[in-house]
2 protein chains.
Amino acid sequence: MIKKTETSGWRQARRRSARDAIVEAAWALVREEGLAGLSLRDLARRAGISPPTVYAYFDSKNAIYDAMFGAAAAQFAGRMAEPYACEDPRELLAAGARRFAAFCTSDLERYQLLFQRCVPGFEPSPQSYAPALRALGGAREVLALNGITDARYLDLWTALITGLVSQQVSNDPGGGRWTALIEESVAMFLAHCQPAAARPSAPGPAWPEGALS
Amino acid sequence: MIKKTETSGWRQARRRSARDAIVEAAWALVREEGLAGLSLRDLARRAGISPPTVYAYFDSKNAIYDAMFGAAAAQFAGRMAEPYACEDPRELLAAGARRFAAFCTSDLERYQLLFQRCVPGFEPSPQSYAPALRALGGAREVLALNGITDARYLDLWTALITGLVSQQVSNDPGGGRWTALIEESVAMFLAHCQPAAARPSAPGPAWPEGALS
DNA sequence: GTCTATAGCTGGATAGAC
DNA sequence: GTCTATCCAGCTATAGAC
């Protein structure tokens, strides 16, 4: 699979853009037909190529799902890492939760592929999965800003927020019955998990530069 | 589809038991192959009949999924409605959550069909869905025993518990990383949502007989 | 790299005898 | 109701010319 690395400049760039075009067509198709409705025939037609040509860029159908997953995970990490308008640790926590919910509810299929994992034989590769882990690390940092470092509380936080989002997309798609509970969830969570010392506007401990990236 | 109702006694009973046998075979197959791996050929072989005979009992493949869903929902409602050893409202709430988690984690495929909804073209019929709604009503009753009647808090409770269970089965199947947080979740939830009046051992208001059934 | 053509398989569902 | 036999549609993936 290794080619001459010297000629790789614009050639690889072209190949990459062709791959990206196929992945984008796959997303368009999936948003119309659902995650399970992705077929190579339809994908090829949508992308303006013939079905076998798809195999010039992807080894299998699952490789396409993996590329889609990777793109979605990158979007996720990028969105969560954008700068926040506030600095207050508590507001940062709430803003992150709101952002996560907005990201999930704005694209149902993307949410399903990233977080529901219900494509029959597919599991994301470690490379595609990495950006999602990076974003989770961001949550850990923000919790630390709030004085919360217990790993158990990180688990509790993720369960709480993903639970809200899951109920939202499953039982009230397009509405706000559960996402409207985010502020209250933050209050409930902090009241229970935040140590008394960190309760007022006491500044948190120093943390590494670029911790949120 | 309507037959002579006078001859329906043992004849319908035989038909019911044959249906049940097929549904049981379907569950056995699904536990081996996954929810998406249910095919009529394999199902027929497992049930000891020929593929077309399946259509003597079910109109389509989705009708089989629906029967499976109905059976699972009935198990769920039955399990949640079994008598509880304690009477303290707070302990009742925690016991219900533990029971729910145990029910979900003890059978992954059943959990996926009931609560994850990721079978491509399938949606449960209202009849099959009804028992699940009954069980949700039970949660509302127990929350009322704890002095919590705000519908928003019922939503928050379901999000919190389903979030814990979802993280558990997705990220630590067979373990207890998230289910171990149930007690703490109950404490957190009640501290935030329970009115101060109901905090001590004050008895809740009277409620209808058989409210939990 | 891209195409046409097609292999090879599996799936749900049906026909018709018994 | 149950069977054998089969239809037909859809899929992924490959072969081989260009």
Side-chain angles (χ1 to χ4, degrees), chain A residues 1-4 7-26 29-30 32-69 118-123, chain B residues 1-4 7-26 29-30 32-69 118-123:
Chain A
M1 286 297 172
I2 294 179
K3 295 186 174 185
K4 289 180 279 187
T7 65
S8 57
W10 62 271
R11 195 171 283 252
Q12 275 197 359
R14 262 198 89 75
R15 183 176 172 81
R16 262 265 290 271
S17 79
R19 267 181 70 104
D20 291 350
I22 294 177
V23 170
E24 196 154 342
L29 193 58
V30 150
E32 287 179 9
E33 308 286 336
L35 260 185
L38 177 64
S39 82
L40 295 187
R41 286 187 205 307
D42 293 348
L43 171 58
R45 187 182 319 128
R46 164 88 52 157
I49 57 179
S50 70
T53 302
V54 176
Y55 285 90
Y57 295 96
F58 297 95
D59 288 337
S60 69
K61 185 181 179 179
N62 274 349
I64 299 173
Y65 277 125
D66 196 56
M68 296 170 72
F69 186 99
C118 57
V119 177
F122 166 68
E123 247 181 312
Chain B
M1 288 295 171
I2 295 180
K3 297 185 173 185
K4 289 179 279 186
T7 66
S8 57
W10 61 271
R11 194 171 284 250
Q12 275 197 359
R14 262 197 90 75
R15 182 176 173 82
R16 264 263 291 271
S17 78
R19 267 182 69 106
D20 292 349
I22 294 177
V23 170
E24 196 153 342
L29 193 57
V30 151
E32 286 179 10
E33 308 287 336
L35 260 185
L38 177 64
S39 82
L40 294 186
R41 281 161 161 61
D42 294 347
L43 171 57
R45 185 182 320 128
R46 163 89 51 157
I49 57 181
S50 69
T53 302
V54 176
Y55 285 90
Y57 295 95
F58 298 94
D59 289 338
S60 69
K61 186 182 179 179
N62 274 350
I64 299 173
Y65 276 125
D66 197 56
M68 296 170 72
F69 186 100
C118 57
V119 177
F122 167 67
E123 248 182 311

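Each chain gets a letter, A, B and so on, in the order the sequences are listed, and its residues count up from 1.
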Measure from the side-chain N and O atoms of B:R41 to the backbone N and O of B:P51, and report whether any donor-acceptor pair falls under 3.5 Å.
no
Can you give me the closest heavy-atom contact between A:S39 and A:L29, atom names plus distance?
O-CD2, 4.1 Å
For C:dG1, does OP1 or OP2 lie under 4.0 Å from any side-chain N or O of A:R15?
yes
Starting at CZ of B:F58 and ending at C1' of D:dG1, how long is that distance when rounded to a whole Å?
15 Å
So, taking the atom named CD in A:E32 and the one named CG in A:L38, what distance separates them when rounded to the nearest 0.5 Å?
12.0 Å
Just the rounded figure in Å: distance from P of C:dG1 to CZ of A:R16.
14 Å
Assign a letter to each nucleotide of nucleotides 5-18 of chain D from its 5' end: B, base within under 4.0 Å of a protein heavy atom; S, sugar-phosphate only; -, no contact.
B-----BBBBB---
How close do A:Y65 and A:A36 get, heavy atom to heavy atom, and via which atoms?
OH-CA, 4.4 Å
Would you check if A:F58 and A:D66 make a side-chain contact, meaning some heavy-atom pair closer than 4.5 Å?
no
What's the angle between the local helix axes at either end of the helix from C:dG1-D:dC18 to C:dC18-D:dG1, using five pairs per end and rounding to 10 degrees?
10°
Say you draw a straight line from CE of B:M68 to CG of B:L35; how long is it, rounded to the nearest 0.5 Å?
6.5 Å
A:I22 atom CD1 is separated from C:dG1 atom P, nearest whole Å, by 11 Å
Consider the side chain of A:Y57, meaning its heavy atoms from C-beta on, and name the nucleotide among D:dC3, C:dC3, C:dG1 that approaches it most closely.
C:dG1
Measure the shortest side-chain to side-chain distance between B:I22 and B:T53 over non-hydrogen atoms and say whether it is less than 4.5 angstrom.
no
Give a yes/no answer on whether the side chain of A:T53 brings an N or O atom under 4.0 Å of OP1 or OP2 in C:dT2.
no
Steps toward salt bridge (Lys or Arg N to Asp or Glu O under 4.0 Å) verdict (B:R46, B:E33):
CA-CA 13 Å; B:R46 163 89 51 157; B:E33 308 287 336; over 6 Å; no
